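Here the structure is laid out as structure tokens; the discussion comes afterwards.
No hydrogens, no waters, no symmetry mates; every other heavy atom, side chains included, goes into these values. As the structure is a computational prediction, the values presented were derived from the model and not from experiment.
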Amino acid sequence: MFQPHDQRFKAMMGSVLSPLGQPELERAVHVAPTRIDVAFEPQPGAHAPELGTLARMAQMGPCLLEYYSQTVRLHHVEGCLRKQMEYAHERRVTAERQGDGEPAPPRLWILSLGRPRKVLSRYEARAMEGWPVGFWQTRAVDRAHVVVLRELPQTPETLPLRLLARGRALQQAMEELAELPAEHLLRQRAQPVLVAFQPLIVQDLKRYGDVNALEKAQSLYEEWSRKAETRGEARGLTQGRQDGVRATLIRLAEQRFGPLPEEAQARVEQADLATLEVWTGRLLSASSLDELLR
């Protein structure tokens with residue numbers, strides 16, 4: 001079932017991981033009719049220390065990132081492990097067809113909002129040595145990890161991952177992001193995604209009923225808009241949001257469908273904010289560029 005926070009996760013990963021390699025959003029696994037949230041292939045020699053622990057994860061080799069906006073359950077993990085095996089098989093078949101050597105087996109990173117106690121017990125997980133609190137390595141399955149977003153310490157290294165949380169944890173991470181310099185890589189990559197998903201994030205904070213977190217998040221969005229106007233990057237609050245949504249839409253659409261044809265590029269450039277938000281909401285469910293911009 002389509003989940004809006006899954007969409008936010010994929011959009012964030014598509015933007016933030018780009019400096020390190022090529023993230024593929026909603027990647028089809030052709031051996032079976034299923035999709036990986038994000039399949040990531042690191043680019044040799046790419047470095048982005050500003051991305052902290054996320055960069056460390058990405059640089060460990062090819063991987064699958066599966067996101068759960070609630071606490072992951074046992075049957076979810078079983079599905080993730082099937083994807084991991086099918087993806088590994090597809091990579092081997094492709095390598096053989098192209099005459100390449102044996103490819104590195106992909107790791108599985110499961111990002112769970114809360115601690116999945118039954119999952120950790122069933123798969124004999126242990127805390128990962130040398131990693132922040134909240135990182136778990138399964139003993140029963142090779143190269144499979146669980147990251148509990150709500151348990152990550154509030155450090156600069158974990159900030160890219162904590163931006164995938166919900167409720168107060170997300171609001172606090174957004175405040176930390178806002179304190180980074182404007183030229184910081186994470187802020188440049190993550191802030192446009194957060195602006196594009198402002199309606200979802202605000203609605204979610206209302207659902208949590210945390211009035212204080214909601215007020216702080218709304219205040220932060222207003223501050224971002226004021227700063228955009230002051231820097232001359234926007235012509236008002238609406239135009240500032242519109243520019244951010246448009247830039248994010250173009251970047252993620254190109255990651256899914258390749259370079260945009262001139263006609264599609266023109267349509268995106270001329271679209272108003274409401275249309276851009278509709279297209280952004282359709283981005284990860286659309287199977288083609290024509291379906292996205294219909």
Side chains of residues 93-108: which donor-acceptor pairs under 3.5 Å do they make with residues two or more places apart or in other chains?
from	atom 1	to	atom 2	distance (Å)
Thr94	OG1	Glu90	O	2.9
Arg107	NH1	His145	NE2	3.0

Sequence neighbours left out, cut at 3.5 Å: what donor-acceptor pairs do the side chains of residues 11-20 make with other protein atoms?
from	atom 1	to	atom 2	distance (Å)
Ser15	OG	Arg189	O	2.6
Ser15	OG	Arg251	NE	3.4
Ser15	OG	Arg251	NH2	3.0
Ser18	OG	Gly14	O	2.5
Ser18	OG	Gln255	NE2	2.7

Open item on the list: Please check: side-chain N/O of Thr71 versus main-chain N/O of Pro116, any donor-acceptor pairing under 3.5 Å?
Closed with: no

Open item on the list: Tell me the closest heavy-atom pair linking Tyr68 and Cys80, and the distance in Å.
Closed with: OH-SG, 3.2 Å

Open item on the list: Contact between Arg282 and Arg294 at the side-chain level, heavy atoms closer than 4.5 Å - yes or no?
Closed with: yes

Task: Pairwise distance CZ(Arg267) to CG(Leu289) - rounded to 0.5 angstrom - done: 8.5 Å

Task: Straight-line distance of Phe40 CZ to Glu24 CD, nearest 0.5 Å - done: 10.5 Å

Atom pairs and distances, donor-acceptor, side-chain atoms in residues 172-180, under 3.5 Å, two or more places apart:
from	atom 1	to	atom 2	distance (Å)
Gln172	OE1	Gln154	NE2	3.2
Glu175	OE2	Gln171	NE2	2.9
Glu176	OE1	Arg162	NH1	3.4
Glu176	OE1	Arg162	NH2	2.7
Glu176	OE2	Arg162	NH1	2.9

Open item on the list: How long is the straight-line distance from OG1 of Thr280 back to CG of Leu249, given to the nearest 0.5 Å?
Closed with: 4.5 Å

TODO: Considering only NZ, NE, NH1 and NH2 on the basic side and carboxylate oxygens on the acidic side, decide whether Glu26 and Arg256 come within less than 4.0 Å.
DONE: no

Task: Under the salt bridge (charged side-chain N to carboxylate O under 4.0 Å, His left out) test, residues paired with Arg143 that sit two or more places apart - done: none

Task: Point-to-point distance, once rounded to the nearest 0.5 Å, from CD1 of Ile201 to CD of Gln218 - done: 12.0 Å

Task: OG1-CZ distance between Thr275 and Arg246, expressed to the nearest 0.5 angstrom - done: 10.5 Å

- [ ] Give me the ring orientation class for Trp131 and Phe135: parallel if the planes are under 30° apart, tilted from 30 to 60°, perpendicular past 60°.
- [x] tilted

Open item on the list: Centre-to-centre under 6.0 Å for Trp109 and Trp136, is that the case here?
Closed with: no

Open item on the list: Whether the Gln265 and Glu269 side chains hold a donor-acceptor pair (N or O, under 3.5 Å, no angle test) is what I'd like checked.
Closed with: yes

TODO: Using ring pair (Phe, Tyr, Trp, His ring centres under 6.0 Å) as the criterion, list what pairs up with His5, not counting sequence neighbours.
DONE: none

Open item on the list: Through direct or indirect side-chain contacts below 4.5 angstrom among Ile, Leu, Val, Met, Phe, Trp and Tyr, which residues connect to Tyr208?
Closed with: Leu113

TODO: Grab the two heavy atoms, one from Pro153 and one from Thr158, that are nearest each other, plus how far apart they are.
DONE: O-OG1, 2.5 Å

Open item on the list: In the structure I gave you, are the side-chain heavy atoms of Asp6 and Ser69 within less than 4.5 Å of one another anywhere?
Closed with: yes

- [ ] Verify the cluster assignment for Val133 and Leu152: are they in a single hydrophobic cluster under the rule of side-chain heavy atoms below 4.5 Å apart?
- [x] no

- [ ] Find out if a path of hydrophobic residues (ILVMFWY) with successive side-chain heavy-atom gaps under 4.5 Å connects Met85 to Ile36.
- [x] no

- [ ] Supply the atom-to-atom distance Leu276 CG to Gln270 CD, rounded to the nearest 0.5 angstrom.
- [x] 11.0 Å

